[in-house]
Participant: 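I have a structure I would like to understand better, so I am pasting it below and will then ask my questions one at a time.
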Amino acid sequence: AIPTDPSVSTYPSVSTHPSVSAHPSVSAHPSVSAHPSVSAHPSVSGHPSVSAHPSVSAHPSVSFHPSVSANPSGSAFPSTLAHPGDLTQPSSSGREDLSTIRVSRRRWAVVLVFSCYSMCNAFQWIQYGSINNIFMYFYGVSSFAIDWLSMVYMLTYIPLLLPVAWLLEKFGLRNIALMGSALNCLGAWVKLGSLKPHLFPVTVLGQVICSVAQVFILGMPSRIASVWFGANEVSTACSIAVFGNQVGIAIGFLVPPVLVPNSKDKDKLAYHISIMFYIIAAVATLLFILVIIVFKEKPKHPPSRAQSLSYSLVPETSYLNPIIRLFKNLNFKLLIITYGLNTGAFYALSTLLNRMVILHFPGEEVNAGRIGLTIVIAGMFGAMISGIWLDRSKTYKETTLVVYVMTLVGMVVYTLTLPLQHLWIVFITAGTMGFFMTGYLPLGFEFAVELTYPESEGISSGLLNVSAQVFGIIFTISQGQIIENYGTMPGNIFLCVFLALGAALTALIKADLRRQKANMEFPENKLQEEEEKVENVEKADNVTSKAPTTLSEEHL
């Protein structure tokens with residue numbers, strides 16, 4: 001409310017009156033010193049928060065004279081704050097205050113909504129493969145054609161990764177979330193036009209649209225975790241984000257065999273398929289609306305020191321430079337291969353599970369879906385436990401290696417027990433394998449972010465997913481042909497060999513945890529500790545009239 005004089009600076013050349021200088025050696029009043037660290041009278045403290053005269057305040061932002069206000073922008077020391085509480089106050093311009101490390105309450109809503117629409121998209125990936133034989137009969141196509149309804153998700157991802165990663169950097173998190181959920185919704189509605197046996201191309205079109213939506217989804221978990229969650233929550237948040245995708249796969253194994261029973265009446269099949277398609281279209285529409293309401297680009301304050309530093313980095317002018325740098329990182333290249341081998345094996349198993357179980361247990365479509373559900377549910381627990389363990393221990397390399405080796409052991413046991421013709425044994429061994437195989441997925445994302453910080457999480461996650469899609473296509477086609485010609489055991493041994501290779505390569509990765517190093521250089525609680533020290537000094541100043549302590553520019 002007090003007019004400012006552009007020629008007036010707060011320190012050290014502030015003039016409080018034409019005849020009075022604010023220099024430390026000049027007193028603005030017979031009994032009051034204008035310099036905040038000097039008290040001219042025993043009963044008056046020069047502390048910034050105490051006014052020494054009705055018209056004179058030592059606080060830099062308050063006028064020394066009714067007609068003169070110190071201009072804040074004229075300070076020679078913009079990083080020296082007169083009051084420690086200013087460190088945690090939002091900037092007056094309304095932009096983010098990067099000196100404040102604070103998590104947002106909205107973060108849980110953001111990750112849960114993302115997890116839900118990722119779940120919806122994953123359901124649409126596996127809904128055909130879980131009842132492969134029924135859709136073969138309804139559309140009159142081969143099993144390989146139905147397999148391609150799943151593999152199209154993998155094929156579409158490979159050429160679209162780089163354009164979508166560029167869009168993520170260009171237009172931000174919210175716009176990518178809107179595009180992904182919108183395409184997922186559109187694909188679900190397109191499938192409703194394929195409820196006749198001769199309309200197989202329409203269901204292929206709907207699945208292609210959903211596969212494009214997947215490109216906007218798969219690389220998001222680590223980005224959301226880094227942008228919205230604190231250093232001690234990122235791994236858990238990433239696990240929750242991946243968790244939704246796994247829930248979708250689990251529901252995709254469980255629900256289609258229940259909603260679409262095996263029948264030779266195609267009209268009856270069309271009715272049951274329509275129920276499934278209408279339900280998923282309604283859910284996809286609701287989730288698209290929630291994304292519009294809930295999703296924001298980023299919180300007002302950075303949630304971690306590492307994220308604050310990433311905001312201050314100069315944006316990369318060339319899009320290819322980050323990718324070139326990533327491919328010069330030997331540890332990341334090894335992780336790309338090992339992640340692709342593990343996740344590709346999971347994709348192949350998920351796509352071909354119905355066929356494998358039916359070969360050993362004819363007529364058990366529902367139990368085939370339940371076995372798939374068991375694999376994914378166990379994997380979700382594995383993912384959550386792994387995420388919580390990483391947040392507490394920070395042992396990324398050791399945890400990843402142990403989980404990988406146990407995945408190999410679980411796969412070997414599953415391979416040996418499947419031909420024993422005991423369904424309950426298959427449930428146990430498949431669940432054990434799934435606990436580690438599916439639980440590995442968020443570990444790979446988080447380990448990649450650690451190895452590549454401060455590069456974009458979207459690019460590193462996207463490259464991991466490209467590797468997974470490439471190996472997924474190779475493994476699905478190869479294992480499918482092996483099963484068809486030689487049986488399930490040779491097909492599963494084929495996967496075991498590559499999982500053993502992945503475990504060996506994982507052991508060669510060095511734990512270069514760059515994001516953890518950034519957080520350790522300036523822990524999030526260090527700022528709070530500095531402020532508490534300042535407050536303690538201020539309390540002493542009320543008695544001793546000492547100068548206030550300020551944080552240095554280096555600390556900020």
Side-chain angles (χ1 to χ4, degrees), residues 103-128 153 156-157 160 163-165 167-195 202-203 205-229 237-252 254-256 259 273-300 380 458 461:
V103 292
S104 169
R105 293 179 181 178
R106 183 185 287 267
R107 68 192 188 280
W108 296 111
V110 169
V111 75
L112 287 175
V113 169
F114 169 79
S115 188
C116 287
Y117 80 79
S118 176
M119 171 190 72
C120 181
N121 184 260
F123 175 89
Q124 297 193 77
W125 166 59
I126 203 64
Q127 68 183 118
Y128 295 98
Y153 264 60
T156 306
Y157 191 90
L160 292 182
V164 171
L167 290 173
L168 177 61
E169 298 303 313
K170 182 74 173 177
F171 297 104
L173 204 59
R174 172 176 165 81
N175 289 321
I176 293 300
L178 288 171
M179 294 171 73
S181 58
L183 287 170
N184 184 62
C185 178
L186 176 62
W189 284 103
V190 168
K191 291 177 186 178
L192 282 166
S194 65
L195 296 175
V202 178
T203 209
L205 175 62
Q207 192 72 343
V208 168
I209 294 173
C210 292
S211 71
V212 175
Q214 174 221 210
V215 187
F216 290 85
I217 294 172
L218 280 189
M220 295 270 281
S222 57
R223 180 64 171 263
I224 290 174
S226 294
V227 170
W228 283 91
F229 288 83
C238 186
S239 297
I240 294 173
V242 175
F243 184 85
N245 190 273
Q246 304 310 307
V247 171
I249 297 173
I251 298 174
L254 179 66
V255 172
L259 292 181
I273 292 172
S274 70
I275 292 175
M276 180 173 67
F277 284 174
Y278 270 114
I279 291 174
I280 198 65
V283 171
T285 304
L286 174 63
L287 291 171
F288 174 57
I289 295 171
L290 286 176
V291 169
I292 295 174
I293 297 171
V294 172
F295 247 85
K296 300 295 180 185
E297 178 60 31
K298 60 183 177 181
K300 187 172 184 179
M380 288 189 293
S461 299

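For reference, positions follow the sequence shown, starting with 1.
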Participant: Check the pair L259, I279 against side-chain contact (heavy atoms from CB on, under 4.5 Å), reporting the backbone distance first and the verdict last.
Facilitator: CA-CA 11 Å; L259 292 181; I279 291 174; 4.3 Å; yes
Participant: Please tell me if the side chains of R107 and K296 come closer than 4.5 Å, counting only heavy atoms from C-beta onward.
Facilitator: no
Participant: With F216, which residues qualify under ring-ring contact (aromatic ring centres under 6.0 Å, His included), at least two apart?
Facilitator: none
Participant: Got T203 and F277 here, is their nearest side-chain heavy-atom distance under 4.5 Å?
Facilitator: yes
Participant: Is there any side chain to side chain donor-acceptor pair (under 3.5 Å) pair reaching into residues 176-188, and which pairs are they, with sequence neighbours excluded?
Facilitator: N121-N184, Q124-N184
Participant: First locate atom CG of L112, then atom CE of M119, and finally report the distance between them rounded to the nearest 0.5 Å.
Facilitator: 11.0 Å
Participant: For residues V247 and F123, determine if any side-chain heavy atom of one lies less than 4.5 Å from a side-chain heavy atom of the other.
Facilitator: no
Participant: Would you check, one step at a time, whether the test ring pair (Phe, Tyr, Trp, His ring centres under 6.0 Å) holds for F229 with W108?
Facilitator: CA-CA 9 Å; F229 288 83; W108 296 111; 4.9 Å; yes
Participant: To the nearest 0.5 Å, how far apart are CD in Q127 and SG in C210?
Facilitator: 7.5 Å
Participant: Can you see which heavy atom on Y117 is nearest to which on L287, and at what distance?
Facilitator: CA-CD1, 3.7 Å
Participant: Distance from L290 atom CG to T285 atom OG1, nearest 0.5 Å?
Facilitator: 11.0 Å
Participant: Looking at V202, is its backbone amide N or carbonyl O close enough to the side chain of S194 to form a donor-acceptor pair, meaning the two atoms are under 3.5 Å apart?
Facilitator: no
Participant: Restricting to non-hydrogen atoms, name the atom on F114 and the atom on I217 that form the minimum distance, rounded to 0.1 Å.
Facilitator: CZ-O, 3.4 Å
Participant: Any idea which heavy atoms bring M179 and L167 closest together, and the distance?
Facilitator: CE-CD1, 4.2 Å
Participant: State the CD1-OG distance between I240 and S118, to the nearest 0.5 angstrom.
Facilitator: 13.0 Å
Participant: Please check this pair: side chain of Q214 against backbone of Y153, looking for a donor-acceptor N/O pair closer than 3.5 Å.
Facilitator: yes
Participant: Can you check whether M220 reaches I176 side chain to side chain, under 4.5 Å on heavy atoms?
Facilitator: yes
Participant: If you look at every heavy atom in A281 and L192, which pair is closest and at what distance?
Facilitator: CB-CD1, 4.1 Å
Participant: To the nearest 0.5 Å, tell me how far L195 CG sits from M276 CE.
Facilitator: 9.5 Å
Participant: Which heavy-atom pair separates I249 from I126 by the least distance, and what is that distance?
Facilitator: O-CG2, 3.7 Å
Participant: Should I280 and C120 count as side-chain neighbours, where that means a heavy-atom distance under 4.5 Å?
Facilitator: yes
Participant: Would W125 and S211 count as having a side-chain donor-acceptor pair, cut-off 3.5 Å?
Facilitator: no
Participant: Please report the closest heavy-atom contact between I292 and L178, naming both atoms and the distance.
Facilitator: CG1-CD2, 3.6 Å
